[in-house]
Visitor: 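This is the structure I have questions about; it appears just below.
Chain identifiers are assigned alphabetically (A, B, ...) following the order of the sequence lines, protein sequences preceding nucleic acid strands; residue numbering begins at 1 within each chain.
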Amino acid sequence: MAKENKKQVEQITDMEVDFAQWYTDVCKKAELIDYSSIKGMFIYRPYGYAIWENIQAELDRKFKETGHENVYLPMLIPESLLQKEKDHVEGFAPECAWVTLGGSEKLEEKYCIRPTSETLFCEHYKNVIHSHRDLPKLYNQWCSVLRWEKTSRPFLRHREFLWQEGHTMHATPEEAREETMRMLNVYADFLENVLAMPVVKGRKTDKEKFNGAEETYTVECMMHDHKALQSGTSHYFGDGFAKAFDITFTGSDNQLHHPHQTSWGVSTRMIGGIIMTHGDNNGLVLPPRIAPVQAMVIPVAQHKEGVLEAASALLERLKKAGIRAKMDSSDQSMGWKAAEYEMKGVPLRVEIGPKDMEKGQCCICRRDSGEKVFVPLSELEEDVKWLLDEVHKGLYARAKKNLEDHTRVCMTLEEVKTFMEREGGFAKTMWCGGLDCELAMKEQSGVTSRCMPLEQERVSDVCVCCGKPAKHSILWGVAY
RNA sequence: CGGGGUGUUGCGCAGUUGGUAGCGCGCCUGCUUUGGGAGCAGGAGGCCCGGGGUUCGAGUCCCCGCACUCCGACCA
């Protein structure tokens with residue numbers, strides 16, 4: 001048997017050699033994605049799309065548990081509608097794509113292909129919200145959106161990408177704020193407990209917040225290369241959009257009020273996060289809870305009598321136990337199959353051959369550690385379930401260690417600079433709250449503010465940049 | 001949008017002073033194999049990114065585009 005840490009997959013560039021190339025190699029070799037003829041628009045291949053489907057299924061269930069309903073709104077936004085909220089249109093105008101023709105006729109008014117749907121939801125909410133009895137409205141939409149990005153990378157930045165956008169309306173600011181935090185926590189819980197990605201929850205600075213929002217909250221994750229990936233956002237809008245769109249309701253006090261609004265979203269970008277959080281030099285490593293195939297059964301020496309039947313029996317037992325299992329009985333060699341499913345990140349490989357059959361056992365290999373264990377056939381289902389949980393825990397622990405090892409308290413700008421140059425990661429400092437200091441940090445050490453963590457930790461009394469009294473603890477980093 | 005790199009068969013590449021294309025992998029057929037990317041034999045597959053030029057003749061030289069990719073800038 002091969003040594004555990006040996007590199008098995010030669011087609012993938014080592015991440016230490018070239019991280020960006022490694023990432024692209026994994027996307028292509030694991031058959032997640034293909035390039036299309038349109039720059040920045042990608043084809044989600046079956047294996048990549050299946051990951052998204054599993055993410056959708058889990059999240060959709062959580063959204064419904066928290067009282068949300070799915071809707072679907074048009075993909076085109078009239079220019080006049082988009083322009084109703086000033087900050088919002090300023091933020092999105094540079095990356096809008098427009099429809100100007102209907103058939104062969106020029107349209108009276110051009111239509112923007114939705115970059116996000118706040119304006120459409122507002123137009124609709126104006127029609128359906130009249131009384132405090134109509135509130136709250138808790139809507140979610142699964143769809144794709146379009147942003148004309150200048151550069152693109154698989155999963156991380158597409159011109160068209162898949163996402164969900166929640167849009168809710170509430171009678172009071174308190175209720176809306178509560179919703180904003182509820183959904184941030186849904187995302188954090190999902191990332192940690194399903195995707196095995198540890199997060200830092202926090203609030204964005206004014207500079208980094210969503211155009212038109214009063215407050216933007218984020219879950220930030222750290223990738224293998226110590227860069228940050230914003231993996232989900234939740235916005236509190238106050239009544240800004242409601243005023244701009246003239247949405248009112250009559251309260252129980254018989255007075256007219258503007259409702260208070262939230263929106264929140266995650267996208268296929270999370271798949272990029274999975275790749276860069278868990279992947280290794282042999283390819284993709286999938287967290288078991290969203291892996292399209294959790295266990296791949298491989299018959300060894302399958303030409304020998306009874307092997308195929310024994311493997312099929314294992315497959316059936318695993319499926320019956322609710323495990324997403326498949327079998328590869330193609331005539332590829334054992335080595336080829338092992339390498340293939342490592343590259344594709346399948347959490348467990350279940351092998352059975354003549355020797356195992358004699359002993360009444362099978363061999364299970366973990367993708368995360370390469371560790372092989374022999375388990376008695378009688379304990380198959382419970383051991384596989386246990387191992388899937390162990391893989392999840394192992395991945396989480398490893399990612400958590402990466403996050404902690406590369407988060408550094410810094411007292412001076414010099415320290416931040418040195419830290420970013422030497423290893424990179426999250427620099428934890430105090431901050432006065434001023435835009436000038438935020439810009440200076442970017443200018444001098446290349447970092448942007450990632451978030452002001454919800455768990456504030458007073459590491460000093462003065463701002464890391466200007467030395468004036470500090471208002472917040474804050475994380476800085478280089479972001480995707 | 002700036003700077004670099006790359007466009008030749010499904011993928012990865014070679015192609016000299018210009019002479020009408022080759023290798024490896026993969027694919028197909030057959031036989032032999034099978035506990036970590038198997039071996040032998042045979043076979044199929046190309047508008048050399050596009051458009052102009054120079055030339056008797058362009059994958060190759062010259063101009064102009066386009067795409068991908070990396071690094072910046074930009075990016076709720």
Visitor: Could you tell me the separation between the NZ atom of A:Lys39 and the P atom of B:U69, rounded to a whole number of Å?
Guide: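 Value for this atom pair: 7 Å.
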
Visitor: Should the pair A:Tyr125 and A:Phe121 be assigned to parallel (<30°), tilted (30 to 60°) or perpendicular (>60°) ring geometry?
Guide: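 Plane angle between 30° and 60°, so tilted.
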
Visitor: Check the surroundings of atom NZ in A:Lys471: do more than 12 heavy atoms from other residues, nucleotides or ligands lie under 6.0 Å from it?
Guide: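 Open: at most 12 neighbouring heavy atoms sit under 6.0 Å from NZ of A:Lys471.
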
Visitor: Touch check for A:Arg349, heavy atoms < 4.0 angstrom, all strands: base, sugar-phosphate only, or nothing?
Guide: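 Here A:Arg349 touches the bases of the nucleic acid.
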
Visitor: Report, one line per pair, each donor and acceptor closer than 3.5 Å where one atom sits in a side chain of residues 72-82 of chain A; sequence neighbours left out.
Guide:
from: A:Tyr72; atom 1: OH; to: A:Arg114; atom 2: NH1; distance (Å): 3.4
from: A:Tyr72; atom 1: OH; to: A:Arg114; atom 2: NH2; distance (Å): 2.9
from: A:Ser80; atom 1: OG; to: A:Glu109; atom 2: OE2; distance (Å): 2.7

Visitor: Using Watson-Crick or G-U wobble geometry with both distances below 3.5 Å, tell me the partner of B:G72, or none.
Guide: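 WC or wobble partner is B:C1.
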
Visitor: Classify the side chain of A:Lys337 and the base of B:G35 as holding, or not holding, a donor-acceptor pair under 3.5 Å.
Guide: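 Donor-acceptor pair under 3.5 Å: no.
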
Visitor: Starting from C1' on B:G37, measure out to CD on A:Gln332 and report it in whole angstrom.
Guide: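 For the pair A:Gln332 CD and B:G37 C1', the rounded distance is 9 Å.
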
Visitor: Just checking A:Gln21: base, sugar-phosphate only, or nothing, at a heavy-atom cut-off of under 4.0 Å?
Guide: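 No contact at all - A:Gln21 keeps every heavy atom at 4.0 Å or more from the nucleic acid.
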
Visitor: Need to verify one output field. Residue with the more 5' nearest nucleotide on RNA chain B, A:Ser152 or A:Lys207?
Guide: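 Its nucleotide being nearer the 5' end, the pick is A:Ser152.
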
Visitor: Should the ring pair A:His88 and A:Phe210 be called parallel, tilted or perpendicular, given that the plane angle runs from 0 to 90° and is split at 30 and 60?
Guide: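 Correct class here is tilted.
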
Visitor: If the test is side chain to side chain donor-acceptor pair (under 3.5 Å), which one of A:Asp25, A:Thr24, A:Asp18 qualifies with A:Gln21?
Guide: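 Only match with A:Gln21 under side chain to side chain donor-acceptor pair (under 3.5 Å): A:Asp25.
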
Visitor: In terms of ring plane angle, is the pair A:His158 and A:Tyr44 parallel, tilted or perpendicular, where the classes change at 30° and 60°?
Guide: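 Tilted.
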
Visitor: Between B:C75 atom P and A:Arg157 atom CZ, what is the distance in whole Å?
Guide: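 Going from CZ in A:Arg157 over to P in B:C75 covers 10 Å.
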
Visitor: Describe, in one word, how the ring planes of A:Phe19 and A:Trp22 are oriented to each other, choosing from parallel (under 30°), tilted (30 to 60°) and perpendicular (over 60°).
Guide: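 Judged by the thresholds at 30° and 60°, the geometry between A:Phe19 and A:Trp22 is tilted.
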
Visitor: For the P atoms, the ones on B:G10 and on B:C49, what distance do you get once it is rounded to whole angstrom?
Guide: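 Going atom to atom, P in each nucleotide, I get 13 Å.
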
Visitor: Now, which nucleotide makes the Watson-Crick or G-U wobble pair with B:G42, with each of the two distances under 3.5 Å?
Guide: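 B:C28 - that is the nucleotide pairing with B:G42, both distances being under 3.5 Å.
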
Visitor: Base, sugar-phosphate, or nothing for A:Pro115, non-hydrogen atoms under 4.0 angstrom?
Guide: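 The residue A:Pro115 makes no contact with any strand.
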
Visitor: Who does B:C66 pair with, Watson-Crick or G-U, both distances under 3.5 Å?
Guide: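 B:G7 - that is the nucleotide pairing with B:C66, both distances being under 3.5 Å.
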
Visitor: Taking CD from A:Gln302 and P from B:A38, how many angstroms apart are they, rounded to a whole number?
Guide: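 To the nearest whole Å, that distance equals 13 Å.
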
Visitor: Reckon A:Thr233 touches a base, only the sugar-phosphate, or nothing at all at heavy-atom distances under 4.0 Å?
Guide: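 Counting heavy atoms under 4.0 Å across all strands, no contact is made by A:Thr233.
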
Visitor: How is A:Asp331 classified with respect to the nucleic acid when contacts are heavy atoms under 4.0 Å: base, sugar-phosphate, or nothing?
Guide: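 Here A:Asp331 touches no strand at all.
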
Visitor: Which one is paired to B:G12, where only Watson-Crick or G-U wobble pairs with both distances under 3.5 angstrom count?
Guide: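 Looking at the geometry, B:G12 pairs with B:C23.
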
Visitor: One character per nucleotide, please: for nucleotides 3-14 of chain B, 5' to 3', B when the base has a protein heavy atom closer than 4.0 Å, S when only the sugar-phosphate does, - otherwise.
Guide: ------------

Visitor: Want to settle it: does A:Gly353 or A:Arg153 sit nearer the 5' end of RNA chain B, counting the closest nucleotide to each?
Guide: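 Result of the comparison: A:Gly353.
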
Visitor: Over all strands shown, is A:Phe161 touching base, sugar-phosphate only, or nothing at heavy-atom distances under 4.0 angstrom?
Guide: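 Since a base atom lies under 4.0 Å of A:Phe161, the category is base.
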
Visitor: Using a cut-off of 4.0 Å on non-hydrogen atoms, how would the nucleic acid contact of A:Ala301 be classed: base, sugar-phosphate, or nothing?
Guide: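 A:Ala301: backbone/sugar contact only, no base atoms under 4.0 Å.
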
